[in-house]
Amino acid sequence: MRDADSFDDFYRSTSGRAVRYGYAVAGDPAEAQDLVQEAYARAWRQWAKLACHPAPEAWLRLVISRLATDRFRRLRGWRLAAGRTGPPPDVEPPGEDTVLLVAALRQLPTRHRQALALHYLFDLPVEEIAREAGVPTGTVKSWLSRGRARLAELLPGVTAEELEVNDVA
């Protein structure tokens with residue numbers, strides 16, 4: 001069985017040094033925090049054995065070093081692949097219609113927004129949305145109807161009839 005108190009003491013007494021070591025190894029503070037977090041997670045999983053280790057902090061540093069080495073190897077592979085294929089194409093900015101639609105959707109209640117997204121983006125039938133949400137189908141129909149009506153109010157030049165392409169009634 002793991003002794004949480006002794007692990008807490010170990011963590012408190014070594015975490016500052018471990019993060020500084022991780023920073024020295026990785027060269028990036030956020031990456032150092034990720035490495036150290038993973039190293040402590042592994043230490044906790046093996047704490048029953050590690051607590052008896054003659055130098056648990058040295059074990060922790062070794063894990064941090066190995067994690068950093070693994071990361072550098074993975075990144076080198078990504079850099080080589082990117083060098084062969086070139087950078088990805090630039091992503092076009094969203095169109096005016098997309099910006100207006102997203103702004104309008106943000107003004108809807110969450111349930112209406114979710115129902116509209118599931119129905120129109122994922123092509124889910126009302127029954128499946130109801131099952132997923134744990135509500136009656138009539139409730140989903142209401143959410144869709146109210147959501148479309150509110151979108152028609154918020155979007156300039158759009159009528160409720162245009163939004164009812166996949167009518168659920």
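In this structure, the ring-ring contact (aromatic ring centres under 6.0 Å, His included) partners of Phe7, at least two apart in sequence or on a different chain, are Trp44, Trp47. By the side-chain hydrogen bond (donor to acceptor under 3.5 Å, both in side chains) test, Glu127 is found to be paired with no residue, residues two or more places apart in sequence or in another chain being considered. With sequence neighbours excluded, the residues that form a side-chain hydrogen bond (donor to acceptor under 3.5 Å, both in side chains) with Arg17 are Glu57.
The side-chain hydrogen bond (donor to acceptor under 3.5 Å, both in side chains) contacts involving residues 84-104 comprise nothing, where partners must be two or more places apart or lie in separate chains. Residue pairs satisfying the side-chain hydrogen bond (donor to acceptor under 3.5 Å, both in side chains) criterion with at least one member in residues 30-41, sequence neighbours excluded, are listed as follows: Thr14-Tyr40, Glu31-Arg71, Glu38-Arg42.
Between the CG atom of Leu144 and the CD1 atom of Ile129 there is a distance of 5.5 Å, given to the nearest 0.5 Å. We find the CG-CH2 distance between Leu118 and Trp143 to be 10.0 Å, quoted to the nearest 0.5 Å. The OG1 atom of Thr137 lies 13.5 Å from the CD atom of Glu128; values are rounded to the nearest 0.5 Å. Taking CG of Leu35 as the start and OH of Tyr23 as the end, the distance is 13.5 Å to the nearest 0.5 Å. Note that CD1 of Ile64 is 11.5 Å distant from OG1 of Thr69, once rounded to the nearest 0.5 Å. With values rounded to the nearest 0.5 angstrom, Tyr21 atom OH is found 2.5 Å from Ser65 atom OG.
Across every non-hydrogen atom of Ala104 and Leu154, the tightest pair is O-CD1, 3.5 Å. The two residues Ala68 and Val25 have their closest heavy-atom pair at CB-CG1, 3.3 Å. Summarising the geometry of Ala26 relative to Ala32, their closest heavy-atom pair is CB-N, 4.3 Å, with the distance given to 0.1 Å. For Leu67 against Ala39, the heavy-atom pair with the smallest separation is CD1-N, 3.9 Å. Contact record, His119 with Leu124: ND1-O, 3.0 Å, taken as the closest heavy-atom pair.
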> Taking it one step at a time, do Leu151 and Val158 satisfy side-chain contact (heavy atoms from CB on, under 4.5 Å)?
Replying inline: CA-CA 8 Å; Leu151 281 178; Val158 177; over 6 Å; no

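With hydrogens and angles disregarded, no donor-acceptor distance shorter than 3.5 Å links the side chain of Ser142 to the backbone of Gly138. The backbone N or O of Lys141 lies less than 3.5 Å from no partner atom in the side chain of Ser145, so there is not a single donor-acceptor pair.
Under the 4.5 Å side-chain heavy-atom criterion for ILVMFWY residues, no single connected hydrophobic cluster contains both Phe122 and Val102. Note on Tyr11 and Val19: same hydrophobic cluster, where clusters join Ile, Leu, Val, Met, Phe, Trp and Tyr whose side-chain heavy atoms are under 4.5 Å apart, directly or indirectly.
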Would you be so kind as to tabulate the donor-acceptor pairs closer than 3.5 Å made by side chains of residues 107-114, with sequence neighbours excluded?
{"unit_1": "Thr110", "atom_1": "OG1", "unit_2": "Arg113", "atom_2": "NH2", "d": "3.4"}
{"unit_1": "Arg113", "atom_1": "NH1", "unit_2": "Leu105", "atom_2": "O", "d": "3.2"}
{"unit_1": "Arg113", "atom_1": "NH1", "unit_2": "Leu108", "atom_2": "O", "d": "2.9"}

